[in-house]
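Throughout, protein chains are lettered first and strands after them, A, B, ... in sequence-line order, and every chain is numbered starting at 1. All heavy atoms count here, side chains included; hydrogens, waters and symmetry mates do not.
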4 protein chains.
Amino acid sequence: MAQVSASRWQRKKDARPSEILDAALTLFVEKGFSATKMEDIARAAGVTKGTPYLYFQNKEEIFKAMVRHHLSSRLNAFVELEQQHTGPVGELLQILLLKWWDEVGATPAAGLCKLAIAEATNFPELARFYSTEVISPCLSMIEHILRRGMDSGEFRVLPIASSSDALLAPLVMAMTWAHSFAKVVPDVCGYSHQYSRAHLSEALQLVLQGLKNPTYEN
Amino acid sequence: MAQVSASRWQRKKDARPSEILDAALTLFVEKGFSATKMEDIARAAGVTKGTPYLYFQNKEEIFKAMVRHHLSSRLNAFVELEQQHTGPVGELLQILLLKWWDEVGATPAAGLCKLAIAEATNFPELARFYSTEVISPCLSMIEHILRRGMDSGEFRVLPIASSSDALLAPLVMAMTWAHSFAKVVPDVCGYSHQYSRAHLSEALQLVLQGLKNPTYEN
Amino acid sequence: MAQVSASRWQRKKDARPSEILDAALTLFVEKGFSATKMEDIARAAGVTKGTPYLYFQNKEEIFKAMVRHHLSSRLNAFVELEQQHTGPVGELLQILLLKWWDEVGATPAAGLCKLAIAEATNFPELARFYSTEVISPCLSMIEHILRRGMDSGEFRVLPIASSSDALLAPLVMAMTWAHSFAKVVPDVCGYSHQYSRAHLSEALQLVLQGLKNPTYEN
Amino acid sequence: MAQVSASRWQRKKDARPSEILDAALTLFVEKGFSATKMEDIARAAGVTKGTPYLYFQNKEEIFKAMVRHHLSSRLNAFVELEQQHTGPVGELLQILLLKWWDEVGATPAAGLCKLAIAEATNFPELARFYSTEVISPCLSMIEHILRRGMDSGEFRVLPIASSSDALLAPLVMAMTWAHSFAKVVPDVCGYSHQYSRAHLSEALQLVLQGLKNPTYEN
DNA sequence: GATGAATGAGATTTCATTCAT
DNA sequence: AATGAATGAAATCTCATTCAT
């Protein structure tokens, strides 16, 4: 009996850190790192000022834990997808990048990308972590796919690094934009710049067209 | 001859604003907007706390002046170049974007781009300013060129917005990267990601290839 | 019994605002509004710099709270007294004004009057607040009483505004004097000008005599 | 010849202090002591920042010089008037006090009264000076007149000090009001409280009526 | 005598962090 | 484990005053 109620408390205790990290994600993404007050995080997590300090040494540690919690996990699924795919890789790239958009880019987690950029020089350790955990695996995967495409004759033979940049840049820019200018500039050049899936898809197709080997017969 | 030498202070007065802006650029880019103290700027410019306020109303105005000084003014030259250009616009895009890289992207001024992204939600006013002064004119120009290319048959007829994004994204990403991860992550996927002119040029060519109308005879 | 003693901090929390207001009253009255530093108030209240901000948004709000605490609240009692009173109003005026002297004029709270005058042009917002909270209600009440007196034939029929000024001026001057010249000028014309209740009472009787209708039969 | 131009410069040089004091009067009265910046005074006097320091040690000294310059002179005329007057003194009081209103109360110099009150505790020396130079002579004169009135039977026999207060208070309050609340509170109790000559005159008549001996036959 | 660029002490306010309860 | 009152360092901006010219 004591066991039961203890476990209920225990569950609560275990849940606290996630609750705090969830709250922190929302706020950091919305307001940026320094503009987010510890007390805001606490309140959003339904606890009081002092409580976050029971679980995290300080604000910076919350930031780091948050990235670990929200990003590191999501990547394996993508790598698997890539390995299972057969057939033309142009299609695979399209699928993977739009899937990343759907599952990350269009969600609050995209804010972490902008956050990592914004705070890279302030928290080098965090940037390194993000680079290792997110950027490197992504890039590896894209480069691997590109190589497959060039080897098979589907793509022209081009420098890998710049090709992967051309492919990823629209996605990265879309995520970054969504959590910076899009928040405060309603429209630019007369039209809204809220990136849509369709918009992104068009940009990707354009780049893929540039990659395509014109003499390749499917 | 005595005429020639203005008062020592007079000379200083003329030089001060630039000195302060130079100091501010370095610090802002290195540490971010809020993390840079006015006193740091002053000290870096070789004056005391109060002096920057003789020339700029406040910190935000320093940022704005920096943007005007380093970016807005340069943009005009680009617009002129565009208007004078005749012949195929693919080449024009290549020239313009690499020129932008040479004159901005590869200089400390590129940090302003990252800065604007990083601080957009903290200082909406700054983001709006940057959007009006830099993003809008750039985008207008690129879109105008794209339309010229599509009208002349040089480019395929594609959605303008996503095409300009695909074109600009590698440049923006390069500038952003240079002032965030590049500062703290030596290399990713085993090779250095310090963007080079060649690298960027390749990525642009790839996108331009995707834009090209295969049936177009020059 | 354990129930009785709230936490030490809880007790403090309840007491703090008054402690801060008391400290502020003394300092404001003594040194003026701008010359009083928030840190001085804090120190005088036995806390540190940041603590007053837990209870009051800023310095102006401290002033306002002081006015509410010492003046606004007291005024209600006066208005009630006025409404309950029957019979000749000359006597009522005498009672009310001397009561105001006893409860405000002869206490440190009188300093608020001088303060409001002194800082009116520097802090218009404060002046407006004081006007709304103190001057208007006072004046309304006095004017109402004067009208009652004129209607009943007890007083001569005279312009209300100048009559109320003549009545209130000695009281206002006494309060102002006490917190300005009296602090630094021991005596004027050879006698002390520390206003006394008797002195004020004489001045009021003189004005009341001027108001009196000589043909009125009580 | 050198003489001539020297004297022209000389004249300018002699005029500077007054110009500065005039400027200071306007600004101090309008904005208060601390809110008036030295640079404002300089600019209003048509010189630059450093110049006032050539003539006055600091801001406080300007304040003191200003009072000396603007008030000390005006008082003799009033004393003479009093000594020449014969006949009922009620009329004399009315004349003198309204004359004071016309020549001081309704002019910017009235602001000095409010200023002296506001800054009395900050600048005790100034307050003492004002008391000696202005308040004492005024009070002496009024008390002397009251005594004449009581001796002749024109006035009731009452305490001198409180009688003179009742007489002066409306005038003092009017001057103080004009340079404090009147500047920022448009109207109180629904009507404008910009004191007028007529208004003041009514208040004085009321007090004089209270002083009058009912059995006195003119 | 006059200028005005520069100084630097100082004031308000914020907020990450602590720690008694 | 949780609270929340209190701390106090730190940052922006102002302005009286100085002093080289």
Nearest-Å distance, CZ (B:Phe123) to C1' (F:dA11)? 12 Å
Any heavy-atom pair between the side chains of C:Thr48 and C:Arg43 that's under 4.5 Å? no
Would you say that C:Arg16 contacts C:Val47 through its side chain, given a criterion of any heavy-atom pair below 4.5 Å between the two side chains? yes
pair B:Ile41-B:Lys37: side-chain heavy atoms closer than 4.5 Å: no
Taking NZ from D:Lys59 and C1' from F:dT17, how many angstroms apart are they, rounded to a whole number? 12 Å
Roughly, in whole Å, what's the span from NZ in C:Lys31 to C1' in E:dG10? 13 Å
Below the 4.0 Å mark, does E:dT3 have OP1 or OP2 next to a side-chain nitrogen or oxygen of D:Tyr53? no
Side-chain contact, heavy-atom cut-off 4.5 Å: C:Lys114 with D:Thr121? yes
At a heavy-atom distance below 4.0 Å, what parts of residues 35-47 of chain C sit against DNA chain F? C:Val47
Within this structure, what is the CZ-to-P distance between B:Phe56 and F:dT12, rounded to whole angstrom? 16 Å
Which listed nucleotide (F:dT7, E:dT7, F:dA2) is nearest to the side chain of C:Thr48? F:dT7
In Watson-Crick or G-U wobble terms, both distances under 3.5 Å, what is the partner of E:dT21? F:dA2
Phosphate OP1/OP2 of F:dG8: any C:Lys49 side-chain N/O under 4.0 Å: no
Presence of B:Tyr55 side-chain N/O under 4.0 Å of E:dA6 phosphate oxygens OP1/OP2: yes
Determine the sole option in B:Leu115, B:Val29, B:Ile117, B:Leu112 for which the side chain to side chain contact (heavy atoms under 4.5 Å, CB included) test with B:His179 is passed. B:Val29
According to salt bridge (Lys or Arg N to Asp or Glu O under 4.0 Å), does anything in residues 63-72 of chain C pair up with another residue at least two apart or in another chain? List the pairs. C:Glu61-C:Lys64, C:Lys64-C:Glu125
Picking from E:dA2, F:dA10, F:dG8, which would you name as closest to the side chain of D:Arg16? E:dA2
Are A:Phe123 and A:Phe33 close enough that their ring centres sit under 6.0 Å apart? yes
Nearest whole angstrom, please: distance from the P of F:dA11 to the CD of B:Glu60. 17 Å
Taking the side chain of C:Asn58 as its heavy atoms from C-beta onward, which of F:dA16, F:dA6, E:dT13 lies nearest to it? E:dT13
Take atom CD1 of C:Ile20 and atom P of E:dT13, then tell me their distance rounded to the nearest Å. 14 Å
If you pin B:Leu54 and A:Thr51 to their nearest nucleotides in DNA chain F, which one's is more 5'? A:Thr51
If pairing requires Watson-Crick or G-U wobble contacts with both distances under 3.5 Å, which nucleotide is the partner of F:dC15? E:dG8
